[in-house]
Amino acid sequence: MPPSAPADYAAALAYIRDLGRAGIDLGLERVRAVAARMGNPQDSFRGILVAGTNGKGSTSAMLASILEQAGYRTGFYSSPHLVRETERIRVQGKDISPEDFSRSAAAVYEACAEEAARRPLGRPLLTAFEFLTLLAFDAFAKAKVEAAVIEVGLGGRLDATNIVEPLASVITPIGYDHQEYLGNTLEEIAREKAGISRPGVPLISGSRRPEARRVLLACHREQGAPLWQAGTDFDFMPLRDRHMHYAGKNRTWRDLTVGLSGIHQLANASVACAAVEALLEGGKLQITDEAIREGLARVRWRGRLETLSTSPLVLADGAHNVDGARVLRRYLEQYVPFRKIHLVLGQRPDKDAEGFLAVVAPIAARITLTQTSDGSLRPPESLLPTASKLHGNVVVEPDFERILRQVYWRKPADEMAVVAGSLYLVGEALSLLESGRIEGYEPAQIKSL
């Protein structure tokens, strides 16, 4: 470790990014030890843990918005960020300041240094994600957060966020992702996700796949965790885009408006509603019907079916796995059937690019394979053989900024550009557009179609 804590925001970022080179090392013992040296900041607020494969960020954002409207001083921890690391840690809907970020980074660093002196490992004590997680908990404690929604990073059982003792454990739909860490079957993946459950604590599941449901039912029986399963204990009725009815075990909320577009977001909203219902049934929080309505209507979650501009029409979506690709395709077929689709695609090396392309390629008029400026995605030329088998109009352009410049210079009236395949690519699109470097960009007055 460097001889002293990072002195400012830039130094803190540099240190955390350097930790990122060490990769992933799942486990809770090191995180618990460092948290204890910090005074266990995770015990200073009431937490809700949200795990899952798809929809956990959106569901978390909805829950945080509802808690804010209910009058709680609310924290929200999410990952990854799109443009700036401070996005991961929010208090009352706003990113923490760089000064607060660096102050909490120093607190984590000092606790790490004390613990590392006791057990030299020959490598950093914490991974980048573990460090950021404790940084978030410290920032929440310093900000006197009352309730926090914590999005689990990877899996659940051994994820750093799982040192929180939650008021409720929420699991969004489970699919195939991160198999090298979580297992190769849905049952194995579900068991890892279900590791956030606790005896007697409500367990809310949005998964409708039988394999996952069996695992969660077994967890409910073994731990005595009250179980709420989508399609059995709660459900939703879509009315139109961004509008639905919710029916739960004991409560019904009619004609709810959701601030995010797509039928999958209505499903996510029903999971958030079920979590609120479970908390109300247990008397753990006080939330009015009006807070639920306002929270869902006001929720914002960037990079998920987000309309970036209308002239030209550009949509950004962080879908990166096969289930996400199906949602994206369904949305495009339902809401923009009159446009030619220019799919601008990049994917991380650990994703199922062939499966993703097999779903979305048939609806695209053309496909451009690209890369982020930091080279964090798969080399686009490596995707070309697969993409060319699935589509007859595929090109490689590694310079993503050049693609955006061409789109905003041409302003095609009959085409829609869809940036997808990775939240990292979506984040770079937002960064480039909002920096003023792309001539002709004017932000959309709407955030969804």
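Residues take their numbers from the sequence shown, with the count starting at 1. Please read all numbers here as calculations on a predicted model, not as lab measurements.
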Asker: Within the distance-only criterion (no hydrogens, no angle test), does the side chain of T370 pair as donor or acceptor with the backbone N or O of E397 below 3.5 angstrom?
Answerer: yes
Asker: Would the distance check show the side chain of S65 and the main-chain N or O of G295 forming a donor-acceptor pair, the cut-off being under 3.5 Å?
Answerer: yes
Asker: Quick check against the 3.5 Å criterion: does R37 have a side-chain atom that pairs as donor or acceptor with the backbone of E110?
Answerer: no
Asker: Step by step, would you call V149 with L67 a side chain to side chain contact (heavy atoms under 4.5 Å, CB included)?
Answerer: CA-CA 9 Å; V149 181; L67 291 176; 3.8 Å; yes
Asker: Within this structure, what is the CG-CZ distance for the pair L432 and F400, rounded to the nearest 0.5 Å?
Answerer: 6.5 Å
Asker: Please check if the number of heavy atoms outside E442 that lie under 6.0 Å from its CD is greater than 12.
Answerer: no
Asker: Starting at NZ of K193, measure out to CG of L49 and round the result to the nearest 0.5 Å.
Answerer: 13.0 Å
Asker: Only one of R191, H220, E188 clears side chain to side chain contact (heavy atoms under 4.5 Å, CB included) with V215; which?
Answerer: R191
Asker: Are E434 and R302 close enough for a salt bridge, meaning some N to O gap below 4.0 Å?
Answerer: yes
Asker: For Y176, which of T53, I189, N321 qualifies under side chain to side chain contact (heavy atoms under 4.5 Å, CB included)?
Answerer: I189
Asker: Can you tell me which residue among P380, S388, S382 is in a side chain to side chain contact (heavy atoms under 4.5 Å, CB included) with L384?
Answerer: S388
Asker: Between atom CD of Q229 and atom OG of S207, what is the distance when rounded to the nearest 0.5 Å?
Answerer: 8.0 Å
Asker: Tell me whether E187 at atom CD has more than 12 heavy atoms from other residues, nucleotides or ligands lying less than 6.0 Å away.
Answerer: yes
Asker: Keeping the roles fixed (side chain from K411, backbone from S311), state whether a donor-acceptor pair exists under 3.5 Å.
Answerer: yes
Asker: Can you establish whether the number of heavy atoms outside R32 located under 6.0 Å from its atom CZ is more than 12?
Answerer: yes
Asker: Y77 and F140: aromatic ring centres closer than 6.0 Å?
Answerer: no
